Structure formats: structure tokens, C-alpha cells
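Following: one structure in C-alpha cells, then a few remarks.
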There are 2 protein chains.
Amino acid sequence: MTIHTNHQAPSLTPATFEILLALADQERHGYGIMREVERRTEGVVKLGPGTLYGSIKRMLEAGIIEESGDRPDPEMDDDRRRYYRLTTQGRQVAIAEANRLQRQVHQAREKNLLLKLVG
Amino acid sequence: MTIHTNHQAPSLTPATFEILLALADQERHGYGIMREVERRTEGVVKLGPGTLYGSIKRMLEAGIIEESGDRPDPEMDDDRRRYYRLTTQGRQVAIAEANRLQRQVHQAREKNLLLKLVG
DNA sequence: GTTTATATATCGTCCGCTGATATATCGAGA
DNA sequence: TCTCGATATATCAGCGGACGATATATAAAC
């Protein structure tokens, strides 16, 4: 997985961006990422274990996420879990991708693929 | 290439959506699609011949684009060109994808990955 | 007439997605 | 306590799309 940090970067894979979005507001473990993505997309996007753990492995190697040593309250914790968070670079990559998607949505609106927000 | 027409469809590949966007406002031939994508994305997305003609072939088979018999003014034409346009299904697919991306951009904004439009 | 841009097409390689499979533990309820 | 579904992580083989390289040919420009 080659990550381009310059502002003219090719698109991330959809699965990678979904995981970055899931980690954007808080640290999560793998299974928690899976549930958050499913919840946020209303069941449209379902990351199977292959996609999930395969993506996590590649994103760790690319340096856009990292494992966190922090653990939640012991009563809420589970030893099996492995928690992840965005790196500084990972947040930059997520921001760049969000901007790219935003431009693409604007272009789709210009081509009348989206309903106008205001008359 | 499996295209899902229901409203809860998995994402298209980025290259496929770029081509749908290029054809959304007018018919174009392959090389014209390539230039339009490069122009619209300001050089960020460059479809090489493998991606371009491979994607066109798959999209034809999937029924989301079709070859057009229409030709422009003979003086502006070129016999080598093959013109394509969206099918009805292709436009529906493009609209569904644009809506999916719009939701994703909203979610990115909720997670503070995009600057707020209004304070 | 030579070169550059236009135009289409195929091929092999790489790599991410996916479902299947495996393993193990936690929590709830009978 | 036993069982079972949910939780949790991990690997693997197969498929399919992206991509660069390569090929071929014609139009346009100089």
C-alpha cells in the first residue's frame, strides 16, 4: 500500500477510507471498527474479517494508523482487543481524501446528478 | 463487474465513477474521456490506456454505458473514434454513487475532517 | 517529410477485496 | 454448569480491477 502525502494524491481504497473515518473521532479495536462502519453506513458497507484485518495490516505498515497501548476501564475491557488510532500522517491523508471526495461531489452536482440544495 | 441497482449498493471503483462523471453531460470517445477526467481533476487523476479501455469494456458488458452511433460534424470527426454514452441504468448508478459519496462527505465533516462552511 | 498528438487495444503483474475457515474467549440464559 | 451466540483476531485462496508497458495506426502540425 503506497500512500501519497502530497496534495495531489490518488484515491484511497473505499475500505481504507471507511476505517480512517471510523478512527477519526476515537480509538477503536478491529471489531469495533467493523461495527462502527456498519452503523454509520446503515448496513450498506460491511467489512468482512478478510478486508478488515487485511486493511489494518496494510495501514499499519503504511504508517497511517498505529496500535495504542491505552486501555479503557478494566470493567469494559477485553484482553483480546487490539486498539488502533490515526497517526498524524493518517489524519492528513484522511483530510486530503475527504477534500477530494468533496470536490467530486461538487462536480457531480454540476452535472445534475444530485438534487440542488437551493432551488 | 457486478453492478447493484438497489439503493444500498457497494461502491463503484474510482475509475468507473470518473468515467460515468465524464459521460454525464455529453457523449465522449475514449480519448476524450481521458482528457476530460484529467482536466476536471486538474491532473490528479490520469487514466492510462489499460485502465481506460479495460474499464470501458467492463462498463459496456455491465450495461451502464453503450456505444453511440451518432457522429459529430464530419469536419470535427475522426473515423478512429468510438463514442459512448450513459445508459438509463448507468445514470441511475451514477446518481446512487454520487449520493453515497455525499453522505460520506457529510460524515467526514461531522468528524471534523473538513472545514466548516459556516462558523 | 518528420515528428507529435490523437486514438484504440491488449497483456502481464500487482495488489486489494472477499468469503471461507480457523481459533478462542466472553456473556447470557437455561 | 453447560451451552450457545456474540465478540474478537487471524490467515488463506481466488477473483477482479488498476496500471504501466507495449503495440499499431492515423491525423495534424511544423
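Given the structure is predicted, the values throughout are model-derived calculations rather than measurements. Order of the sequence lines sets the chain letters (A, B, ...), proteins ahead of strands, with each chain counted from 1.
- The pair Arg35(A)-Glu38(A) fails the salt-bridge criterion, with no side-chain N (NZ, NE, NH1 or NH2) lying under 4.0 Å from an Asp/Glu carboxylate O.
- Here the P atom of nucleotide dT9(D) and the CD1 atom of Ile19(A) are 12 Å apart, to the nearest Å.
- Atom-to-atom, CG of Leu52(A) to P of dT18(C) comes out at 11 Å; the value is rounded to the nearest Å.
- When the C1' atom of dG16(C) is taken as reference, atom CD1 of Ile64(A) falls 13 Å away, rounded to whole Å.
- Of the candidates dA7(C), dT9(D), dA10(D), the closest approach to any side-chain atom of Arg82(A) belongs to dA10(D).
- Between the CZ atom of Arg81(A) and the C1' atom of dG27(C) there is a distance of 12 Å, given to the nearest Å.
- When atom types are taken as modelled, the side chain of Arg81(B) and the backbone of Gly30(B) share no donor-acceptor pair closer than 3.5 angstrom.
- Side chains of Arg58(A) and Thr16(A) form no contact here, defined as non-hydrogen atoms less than 4.5 Å apart.
- As rounded to whole Å, 15 Å separates atom C1' of dT23(C) from atom OH of Tyr31(A).
- For the pair Glu38(B) CD and dT6(C) C1', the computed distance is 14 Å after rounding to whole Å.
- Using a cutoff of 4.0 Å between basic side-chain nitrogens and carboxylate oxygens, Glu97(B) and Arg100(B) are scored as salt-bridged.
- The interatomic distance linking Tyr84(B) (OH) with dT8(C) (C1') rounds to 8 Å, in whole Å.
- Put simply, the side chain of Asp73(B) never gets that close to the backbone of Glu75(B): no donor and acceptor are under 3.5 Å apart.
- Remark: the backbone N or O of Arg40(A) is paired with a side-chain donor or acceptor of Gln107(B) at under 3.5 angstrom.
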Could you write nucleotides 16-30 of chain D as a row of B, S and -, 5' to 3', where a protein heavy atom under 4.0 Å of any base atom gives B, of only sugar-phosphate atoms gives S, and otherwise -?
-SSBBBB--BBS---

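- Proximity note for Lys57(A) (side chain, C-beta onward) versus dT11(D), dA7(C), dT9(D): the nearest is dT11(D).
- Protein atom CE of Met34(A) is 14 Å distant from nucleotide atom P of dA10(D), rounded to whole Å.
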